[in-house]
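Report on one structure; see the data block that follows.
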Amino acid sequence: MDRLAPLGEAKAGVKLDDFSLRGVDVPSPALIVHDRRDRPNPFRHGEAVAAAWPNAELMATEGLGHRKILANPAVSSAVTQFMRG
């Protein structure tokens, strides 16, 4: 990712850190699930999305990384509960 991101940024002409939800009105609630040890996508990105999105909740996980989060039973349960309201 350290080598890929700069290539994509150069091609697109924008930096990944420049993407923001500031000023965007999104009334729907959101559950942002992000692992503190996600290497491709730093945890600070999940924190920023949750902070910028009104009605968002951040579920921080530990030790699941970028891919294991998808198959984690606790995450699946939380997402299911969130979707059910």
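These numbers come from a predicted model, not from an experiment.
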Of the non-hydrogen atoms in P40 and P42, which two are nearest, and what is the gap between them? O-CD, 3.7 Å
Can you check side-chain contact (heavy atoms from CB on, under 4.5 Å) on L31 and M59, steps first, answer last? CA-CA 7 Å; L31 176 63; M59 178 182 176; 4.0 Å; yes
Apply the test side-chain contact (heavy atoms from CB on, under 4.5 Å) to residues N41 and H34: give CA-CA distance (whole Å), side-chain angles for both, the deciding distance (0.1 Å), then the verdict. CA-CA 9 Å; N41 298 304; H34 206 124; 4.0 Å; yes
Mind checking the CG-CZ spacing from D38 to R67? Nearest 0.5 Å is all I need. 9.5 Å
At their closest point, which heavy atom of A50 faces which heavy atom of A56, and how far apart are they? O-CB, 3.7 Å
So if you build clusters from Ile, Leu, Val, Met, Phe, Trp, Tyr with side-chain heavy-atom gaps below 4.5 Å, do V49 and F43 land together? yes
side-chain contact (heavy atoms from CB on, under 4.5 Å) with A51: which residues, sequence neighbours excluded? none
At what distance, to the nearest 0.5 angstrom, does CD of E9 lie from NZ of K15? 5.0 Å
Is there a chain of hydrophobic side chains (I, L, V, M, F, W, Y, each step under 4.5 Å between heavy atoms) that links L64 to V79? yes
Tell me whether M83 shares a hydrophobic cluster with V75, the cluster being built from Ile, Leu, Val, Met, Phe, Trp, Tyr side chains joined at under 4.5 Å. yes
Report whether L70 and I32 are members of the same hydrophobic cluster (ILVMFWY, side-chain heavy atoms less than 4.5 Å apart, transitive linking). no
Please check if the side chain of S76 supplies one atom and the backbone of N72 the other of a donor-acceptor pair under 3.5 Å. yes
How many angstroms lie between CG in D35 and CD1 in I69, if you round to the nearest 0.5 Å? 5.5 Å
Any side-chain to backbone donor/acceptor pair from W53 onto P27? Under 3.5 Å, distance only. no
Could you give me the CA-CA distance, side-chain angles and deciding distance for E62 and R37, then say whether side-chain contact (heavy atoms from CB on, under 4.5 Å) is met? CA-CA 7 Å; E62 187 72 44; R37 296 185 185 165; 3.0 Å; yes
Rounded to the nearest 0.5 Å, the CZ atom of F82 sits from the CD atom of E57 at a distance of 7.0 Å
